[in-house]
Each structure stands twice: as C-alpha cells, then as structure tokens.
> 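Here's a structure for you.
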Amino acid sequence: MKINQTKQKTFFIFFSIFTLLFSLPAESFRIKKVHILDITNENQTSTSIGINESLAITLPEDKTFIEGIEVKMVIPEAVAVWRDSVACSLYNNIRPNPSPNQIDYSGTRLFVKTVPPKLSWILQIPLRENSSLKSDQYTTLIDSIPDISKNVIFLRFQPAMKGIPEETMNSSLQITVKPLLINKGRLRLSLTNDDNSMKPCTLFIDDETIDLSSNKKDILLPAGIHNISVISEFYRSEMRTVRIDLAKNTDLQINMKSIEPTLLITKPEGVSVFLDDIACNIFDKEFTITEGDHKIKFIVGNYESARSLTVIKGKTYKVNFNIDLQITEE
C-alpha cells in the first residue's frame, strides 16, 4: 500500500518521551476498556481493539510448552495512512489485576512501538530465554521477556500524537492471539513394582542416560518416536517405544519385574502336574522358581510325560501340556 505522504503533518510526536518513560519505575494511566483473552496450549482467540483500549492475555498455569505469544494485528487504513499515530505498549507489574470493569491502571512500560504503516503487523512476545523466535520483515520480536508470574500479558494501544483525525481515533484493530509452542512434548514416566519398594534403576532414552532420582519423572522430549529402556541389577530390563506429540503429555507406566525367575504352567482339565516330584496346584499364573535344574511331569490317566528344565535368573518359563488329535487324509 502506498502511504499518502501529503497527509503527514508536522505534529509533535508525544512518543519522543519514550526514553523518559522507560526510566520511570511505574506510570498510571486510564483506558476506555480492557479486552481479556484466555489462551491455552491449543487455541487462538480474537477480538477488536479500539484506540486507547488495552488487551490482557491470560496464560494457562502450565506454560511448559509455550515459548512465546504471537499477536497478529489487522490494521485499518485510517491508522496505517496516518503514520505513527497509534502506539502499542507492553507493560510489566500491571495493577490492579485486569478486569472488564476497571479502567485505571499502573505498570512499568517494558516495550513501546508505533503501529507501522502497513495493513497487518505481527508482534511476538518471548516468554523464556533462548527461544527460537526470530524477527523478519513481517514480524517484530520484543527483545525483553515480560514478568508472567501472574499469568497476564498486558498490551495498551493509545494515540501517539496530537491532531489525529476522528476517523483514525474511531478505528479498531482486529487482533488474533495464539501461543507459540516449543517442538516438544512431555513424557510422564512412572516406575512401579509389586511390593511398592523400588530399588535403583537406570533410564535410557534413545541410548542417552537420563537422571532418574525418583520413580516418577517428567521429561521433555522432541516430538516423534522414542525408545525407552530401564535396566537394573534388581529387576528385569524393560524396553518400550513411545510416540511424543507436540505440546502433549504422554503417560507411560512400567511395572518392574523381579529378577527372580518365574514359571507359568497351563494345562487341560484332568491333568496332574508334578514339579520336582511334588504336586503342583498353581496354574495360569506366574510363580517364583529357584535357579537350577528342575523336572516337570504331566500325568493323564496311565499316560505320563516328563521334561527337564534349567532355570536361570531373569527369565520367565512357560510350560503347556496339550493333547491334540490330528486326522489327515491322503
């Protein structure tokens, strides 16, 4: 859009005092209205903001996945043509808490910039150090991180000069706000065992050792497929494959089994079973067995079948006696 330079007038721009404002600990101001937008990890929301109105963006309690906030503005022509007529400011320590019925506030100005002579503008607000957010010709990245201890980001729109035409003063900016997410999800890992007294384990994710100081662990991982291994001298090694989705929680519970060997016996009705010549009465359920050589015997009527078994630590052995009748035709 070609800006009509003839409309520019030699007004004193009030925002020549921006430097002075930055040096003040706080300032008090009055607005016409505050618009409150709630965002989550998954949504974007919109509103229409007039000149001398404010926007309060409320953040979720869990901001683990949010590295910044994007505020996209559709600028009316009356504002874009009247260059440097409207300013956008970001405040810290806003008081009192934003409310639709509250018009008087105080706060510390963290950032201020006049709305550019364009029909759209994107403002990005980082919420953490070393974010991946970048400025470009369409986007302004604020170089300061606001205090979000109260889960509120406060933006104010106000006239930046005298003599602004009524058409400009009565204009509204269409605002869309969305969270900017990190490319990670959260693995919520829980280790359990049958006696509720976990012994030390070592956790590997994609062959990298991860600190496992407790049985419950929240771990941020890049979105995608990951290989999980848990090893211990007290338990059997466990391996899992999990899919981590962007900005989602993935729950994984692993029940650590004792390293003691176990035996599982299944049989038809009417079959007697002897383990080391002692009648066995535990079936279809694993039970602990000692290491070493064992003998298993199945008896059906006058028919007897016996097998030897060498048991080692960390293994489960399954024994099944099956009587099958086969008929073939040639």
Side-chain angles (χ1 to χ4, degrees), residues 41 60-67 128 130 181-267 273-298 306-321:
N41 292 339
E61 288 294 332
D62 184 0
K63 296 175 281 296
T64 302
F65 304 121
I66 302 177
E67 66 173 347
R128 61 179 67 188
N130 303 318
L181 306 177
I182 60 174
N183 187 32
K184 291 184 178 181
R186 179 163 47 201
L187 173 66
R188 299 197 295 200
L189 176 66
S190 175
L191 301 182
T192 62
N193 71 342
D194 293 336
D195 60 12
N196 296 319
S197 58
M198 286 294 301
K199 295 180 176 64
C201 298
T202 301
L203 171 66
F204 292 89
I205 299 181
D206 301 328
D207 297 325
E208 180 181 348
T209 306
I210 305 297
D211 173 58
L212 193 61
S213 55
S214 66
N215 298 335
K216 293 184 177 181
K217 193 74 174 177
D218 287 356
I219 307 165
L220 288 179
L221 294 172
I225 304 297
H226 297 273
N227 297 315
I228 312 296
S229 300
V230 184
I231 64 173
S232 172
E233 61 178 305
F234 305 101
Y235 305 103
R236 302 184 191 190
S237 297
E238 298 288 346
M239 291 178 289
R240 303 287 191 276
T241 298
V242 296
R243 178 185 179 87
I244 301 297
D245 293 320
L246 177 67
K248 300 285 188 180
N249 293 318
T250 300
D251 294 315
L252 176 62
Q253 179 175 314
I254 298 178
N255 185 40
M256 303 300 293
K257 296 182 179 180
S258 170
I259 203 169
E260 293 181 321
T262 58
L263 180 64
L264 173 64
I265 300 175
T266 59
K267 68 175 186 67
V273 180
F274 292 83
L275 177 61
D276 298 328
D277 296 324
I278 299 174
C280 181
N281 57 8
I282 303 176
F283 306 108
D284 302 317
K285 179 181 178 181
E286 290 184 20
F287 60 91
T288 301
I289 188 172
T290 59
E291 293 182 75
D293 295 329
H294 296 272
K295 184 176 70 173
I296 300 177
K297 181 168 60 177
F298 291 82
R307 294 289 188 274
S308 296
L309 175 65
T310 299
V311 174
I312 62 175
K313 186 182 295 185
K315 299 290 184 180
T316 294
Y317 297 88
K318 297 180 180 180
V319 179
N320 177 38
F321 182 79

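No experiment lies behind these values; they were computed from the predicted model shown.
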> NZ/Lys295 to CG/Leu309 distance, rounded to the nearest 0.5 angstrom?
13.0 Å

> Just to verify, what does Arg186 make a salt bridge (charged side-chain N to carboxylate O under 4.0 Å, His left out) with, not counting sequence neighbours?
Asp62

> Donor-acceptor pair, Thr250 side chain versus Leu187 backbone, under 3.5 Å?
no

> For the atom pair OG1 (Thr241) and CG (Leu252), what is the distance rounded to the nearest 0.5 Å?
10.0 Å

> Kindly give the heavy-atom pair with the smallest separation between Phe204 and Ile231, and that separation in Å.
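Closest heavy-atom pair between Phe204 and Ile231: CE1-CD1, 3.5 Å.
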
> Would you call Leu181 and Ile66 a side-chain contact if the rule is heavy atoms closer than 4.5 Å?
yes

> Report the residues that fulfil side chain to side chain contact (heavy atoms under 4.5 Å, CB included) with Asn281, sequence neighbours left out, ordered by chain and then residue number.
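Result, side chain to side chain contact (heavy atoms under 4.5 Å, CB included) vs Asn281: none returned.
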
> The criterion is salt bridge (charged side-chain N to carboxylate O under 4.0 Å, His left out); which residues satisfy it with Asp245, sequence neighbours excluded?
Arg243

> List the atom pairs, donor and acceptor, that lie under 3.5 Å between side-chain atoms in residues 283-290 and the rest of the protein, sequence neighbours left out.
from   : atom 1 : to     : atom 2 : distance (Å)
Glu286 : OE1    : Thr262 : OG1    : 3.2
Thr290 : OG1    : His294 : NE2    : 3.3

> To the nearest 0.5 Å, what is the distance between CG (Leu275) and CD1 (Ile282)?
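Here the interatomic distance stands at 9.5 Å.
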
> Could you walk me through whether Asn320 and Phe298 pass the side-chain contact (heavy atoms from CB on, under 4.5 Å) test, one step at a time?
CA-CA 10 Å; Asn320 177 38; Phe298 291 82; over 6 Å; no

> By side chain to side chain contact (heavy atoms under 4.5 Å, CB included), which residues pair with Thr192, not counting sequence neighbours?
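So Thr192 forms a side chain to side chain contact (heavy atoms under 4.5 Å, CB included) with Ser190, Gln253, Asn255.
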
> Taking side-chain hydrogen bond (donor to acceptor under 3.5 Å, both in side chains) as the definition, give me every residue that meets it alongside Thr209, ordered by chain and number, with sequence neighbours left out.
none

> Would you say Lys267 has more than 12 foreign heavy atoms packed within less than 6.0 Å of its NZ?
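Yes - once you tally the heavy atoms of other residues, nucleotides and ligands closer than 6.0 Å, there are more than 12.
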
> Quick check for you: to the nearest 0.5 Å, what is the distance between Thr202 atom OG1 and Leu212 atom CG?
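Output value for this atom pair is 8.0 Å.
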
> To the closest 0.5 Å, what do you measure between CD1 (Ile254) and CD1 (Ile228)?
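With rounding to 0.5 Å, CD1 (Ile254) is 7.0 Å from CD1 (Ile228).
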
> If every non-hydrogen atom of Ser229 is compared with every non-hydrogen atom of Met239, which pair is closest and at what distance?
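Ser229 and Met239 have their closest heavy atoms at OG-CG, 3.6 Å.
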
> Which heavy atom in Met256 sits nearest to a heavy atom in Cys201, and how many Å separate them?
CE-SG, 4.3 Å

> Considering only residues two or more places apart or on different chains, which pairs with a residue in residues 197-214 satisfy salt bridge (charged side-chain N to carboxylate O under 4.0 Å, His left out)?
Asp211-Lys217

> Within a strict 4.5 Å, meaning less than it, do heavy atoms of the Thr310 and Tyr317 side chains meet?
no

> More than 12 heavy atoms of other residues, nucleotides or ligands under 6.0 Å from NZ of Lys315: yes or no?
no

> Once salt bridge (charged side-chain N to carboxylate O under 4.0 Å, His left out) is applied, do any residues pair with Asp218, and if so which ones, sequence neighbours excluded?
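Per chain and number, Asp218 pairs via salt bridge (charged side-chain N to carboxylate O under 4.0 Å, His left out) with no residue.
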
> Can you sort out the partners of Ser308 under side-chain hydrogen bond (donor to acceptor under 3.5 Å, both in side chains), two or more places apart, ordered by chain and number?
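Once residues adjacent in sequence are excluded, Ser308 has no partner under the side-chain hydrogen bond (donor to acceptor under 3.5 Å, both in side chains) criterion.
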
> Find the distance between OG (Ser232) and CD (Glu238) and round it off to the nearest 0.5 Å.
11.0 Å

> Report the residues that fulfil side-chain hydrogen bond (donor to acceptor under 3.5 Å, both in side chains) with Lys248, sequence neighbours left out, ordered by chain and then residue number.
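Result, side-chain hydrogen bond (donor to acceptor under 3.5 Å, both in side chains) vs Lys248: Glu42.
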
> Given side chains that start at C-beta, do those of Ile219 and Leu203 come closer than 4.5 Å, heavy atoms only?
yes

> Looking at side-chain heavy atoms only, is the closest gap between Asn193 and Tyr235 below 4.5 Å?
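They are in contact (side-chain heavy atoms under 4.5 Å apart), so the answer is yes.
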
> Return the minimal non-hydrogen interatomic distance between Ile244 and Gly185, and the atom names on each side.
CG2-CA, 3.5 Å

> Considering residues at least two apart in sequence or located in another chain, which fulfil the side-chain hydrogen bond (donor to acceptor under 3.5 Å, both in side chains) criterion with Glu233?
none

> Considering residues at least two apart in sequence or located in another chain, which fulfil the salt bridge (charged side-chain N to carboxylate O under 4.0 Å, His left out) criterion with Arg128?
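With sequence neighbours excluded, Arg128 shows a salt bridge (charged side-chain N to carboxylate O under 4.0 Å, His left out) to no residue whatsoever.
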
> Please report the closest heavy-atom contact between Arg236 and Ser258, naming both atoms and the distance.
NE-O, 3.0 Å

> Considering all heavy atoms of both residues, which atom of Leu246 and which atom of Ala223 are nearest to each other, and what is their separation?
N-CB, 3.9 Å

